[in-house]
Amino acid sequence: MSTKTVTKIYLFLVFLHLLTVQLRSCNIFEGSWIFDESYPIYDSLQCPFIDQGLNCIKNGRTDNFYLKYRWQPTDCDLPRFNGEDFLKNFEGKNFMFVGDSLSNNQWQSLACMLHAAVPNSNYTFDRTRNRSVLSFPEFEFTITFLKDGFLVDLVIEEAGRVLKLDSLSRTEQWKGVDVLIFNSYHWWIHTGRLQTWDYFQVGDKLYKEMDHMEAYKIALTTWANWVDSNIDPVVTKVFFQGISAVHYYGKDWDEPMVKDCSGQTKPIEGSTYPGERYAGEAVVKSVLSNMTMPVNSLDITLLTQLRKDGHPSRIASGASMDCSHWCVAGVPDAWNELLYTILLQK
C-alpha cells in the first residue's frame, strides 16, 4: 500500500472521528433551511429514475428557489454528500426502502444522487408495479424500493378488504438486506373513498371501526416485534423514516389566506413550525423506544413541515393537487444526506 493511500485512509479516519464527536452532541433533525447556491447536487433532467409526477422541472415548474436550500442543523454541520464515496464505502451491499410512496420518493432521490456521482458507471434498472431495483455492478451495490404501505397484511376476503394488524407475510423479502429503511403512516390516516380497507382484524376478531392511530400502533408493534426477532444488528442496519409533512391548508403555517402549497416558492424561515404535531409522531416514538433492536429514526417531520414550497402541487400532477409528495430533486435529498451522515458514524 502506497504512502499516499495510507495518508488518505488516515485522514478519512480522523474525519470520521471528528464527525462522530461533533454529532454526539447534536440533534441533526433540529435546524433550518438555508440558501446555498451550490445546490441542487444533481440535475433532475439527467436522472432517468424519477416518476413523471415528481420531476417538477421537467413538468414545467419555472421557479428554482426550492432547489437552492440545504438543511442546516442548529448545533453542527452535515458532511457534504459524496455519492462516489457512498458507493465505495458500501461496495457489495444492498439497501432496501420498504413503505409507501414517500419511501419511493426517497428511493428516487438517492438513485439520482448516486447516478449523478458516477455518470459513466454502468447500471441496471428494473421496475415493476410494486418494486424498483437499481444496481451499480462496478460497486456491486443495489438499492431497492418495495411498495408496502401498511407493512402488515391487507387481504381480500369474503367480508371485504381486511387489514390484519398482527400479520406479516412478505417479510422474506426483507431478509439478507444490509440496510433497511422502513416507512408507514400516510395510508393509515385515509378516510372515506381514499380508505383502502373495510375491516381491521386482530387475532380472530374483525372491527369495522377502530381509532386509526390505535390500529397504527398495533401494526407498528407487529413490525417492531418482527424486527426484534429476526434482524441481527451486526449484519443489518435498520432505519424508520419519520412522518413527512403535508401542506394542504395555509392556516397550518399561519397563513390562513393561502389555500395550499400551490405557488409557494420559499421555505418557512427559522427552526420552528407554527402548526400542530402529527398524531403518528408519538406512536412512532413509543414503538421505537420499546424495541430491543437498535433502530435509527430518520425524524424528517420538522424539516418537511418547513418546506411548504417543495411539493409538485398542480404543476406535476395535472388536475389533482399534490401537497404531500416532494419534487425530485428537492427536499428528499436532505433525507438522504441525513441517512449518509448517520451511516458514516457507524
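Hydrogens, waters and symmetry mates are skipped; everything else that's a heavy atom, side chains included, is used.
- In this structure, Y207 has no ring-ring contact (aromatic ring centres under 6.0 Å, His included) partners at least two apart in sequence or on a different chain.
- Proximity of R161 to I156: side-chain heavy atoms (C-beta onward) are separated by under 4.5 Å at one or more points.
- A side chain to side chain contact (heavy atoms under 4.5 Å, CB included) with L67 is found for one member of I57, I41, D43 and no other, namely I57.
- Salt-bridge check for D85 with R80: failed, with every basic side-chain N at 4.0 Å or more from each acidic carboxylate O.
- Distance CG/D228 to CG/N290: 9.5 Å, rounded to 0.5 Å.
- For the atom pair NE2 (H186) and OG (S103), the distance works out to 10.5 Å, reported to the nearest 0.5 Å.
- No salt bridge links K164 with D166; every basic N to acidic carboxylate O contact stays at or beyond 4.0 Å.
- Under 3.5 Å, the side chains of E138 and N122 contain no donor-acceptor pair of N or O atoms.
- S313 contributes no side-chain N or O that, together with a main-chain N or O of C261, makes up a donor-acceptor pair within less than 3.5 Å.
- In summary, the aromatic rings of Y216 and Y185 are positioned with their centroids under 6.0 Å apart.
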Test log, rule side chain to side chain donor-acceptor pair (under 3.5 Å), inputs S324 and D322: CA-CA 6 Å; S324 58; D322 187 352; 3.3 Å; yes
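- Cluster membership for I143 and V133, using ILVMFWY side-chain heavy atoms within less than 4.5 angstrom, is not shared.
- To the nearest 0.5 angstrom, C327 atom SG is 8.5 Å from D309 atom CG.
- Because its NZ or CZ atom is both nearer than 6.0 Å to the ring centre of W33 and within 45° of the ring axis, R307 counts as a cation-pi partner of that residue.
- Both the sub-6.0 Å distance and the 45° axial angle are not jointly satisfied by K68 relative to the ring of F35.
- Between V152 and the options L168, L220, I218, a side chain to side chain contact (heavy atoms under 4.5 Å, CB included) holds for only L168.
- Residues Q52 and N59 bring no donor and acceptor atom of their side chains to less than 3.5 Å of each other.
- Of the charged side-chain nitrogens involved, none lies within less than 4.0 Å of a carboxylate oxygen, so that K237 and D178 do not count as a salt-bridged pair.
- Looking at S289, its side chain does come within 3.5 Å of a backbone N or O of S286 through a donor-acceptor pair.
- Between the side chains of D333 and Y42, at least one donor-acceptor pair of N or O atoms lies under 3.5 Å.
- Between the side chains of S38 and R70, no donor-acceptor pair is found at a separation under 3.5 Å.
- The backbone N or O of V155 sits nowhere less than 3.5 Å from a side-chain atom of D153 that would complete a donor-acceptor pair.
- Put simply, CD1 on I231 and NZ on K175 are 8.5 Å apart, with the number rounded to the nearest 0.5 Å.
- T142 and S135 share a side-chain donor-acceptor pair at under 3.5 Å.
- Using a 4.5 Å cut-off on side-chain heavy atoms (C-beta onward), I181 and L298 make contact.
- Sorted by first and then second residue, the ring-ring contact (aromatic ring centres under 6.0 Å, His included) pairs with a member in residues 128-173 read F86-F141, F95-F141, F150-W187, F150-W188, F150-W197; sequence neighbours excluded.
- Within the structure, ring-ring contact (aromatic ring centres under 6.0 Å, His included) pairs that include any residue of residues 241-263 comprise H247-W253, H247-H311 (at least two apart or interchain).
- In this structure, the side chain to side chain contact (heavy atoms under 4.5 Å, CB included) partners of T128, at least two apart in sequence or on a different chain, are D126, R131.
- Sequence neighbours left out, the pairs with a member in residues 44-64 that pass ring-ring contact (aromatic ring centres under 6.0 Å, His included) are F49-H115, F49-Y123, F49-F125.
- Hydrophobic cluster membership for Y199: V162, L206 (Ile, Leu, Val, Met, Phe, Trp, Tyr linked by side-chain heavy atoms under 4.5 Å, directly or transitively).
- Between F240 and F182, the distance from one ring center to the other does not fall under 6.0 angstrom.
- W335 and W71 have their aromatic ring centers separated by at least 6.0 angstrom.
- Not one N or O on the side chain of K147 forms a donor-acceptor pair closer than 3.5 Å with the backbone of D100.
- Here I50 contributes atom CD1 and N104 contributes atom CG; the two are 11.0 Å apart, rounded to the nearest 0.5 Å.
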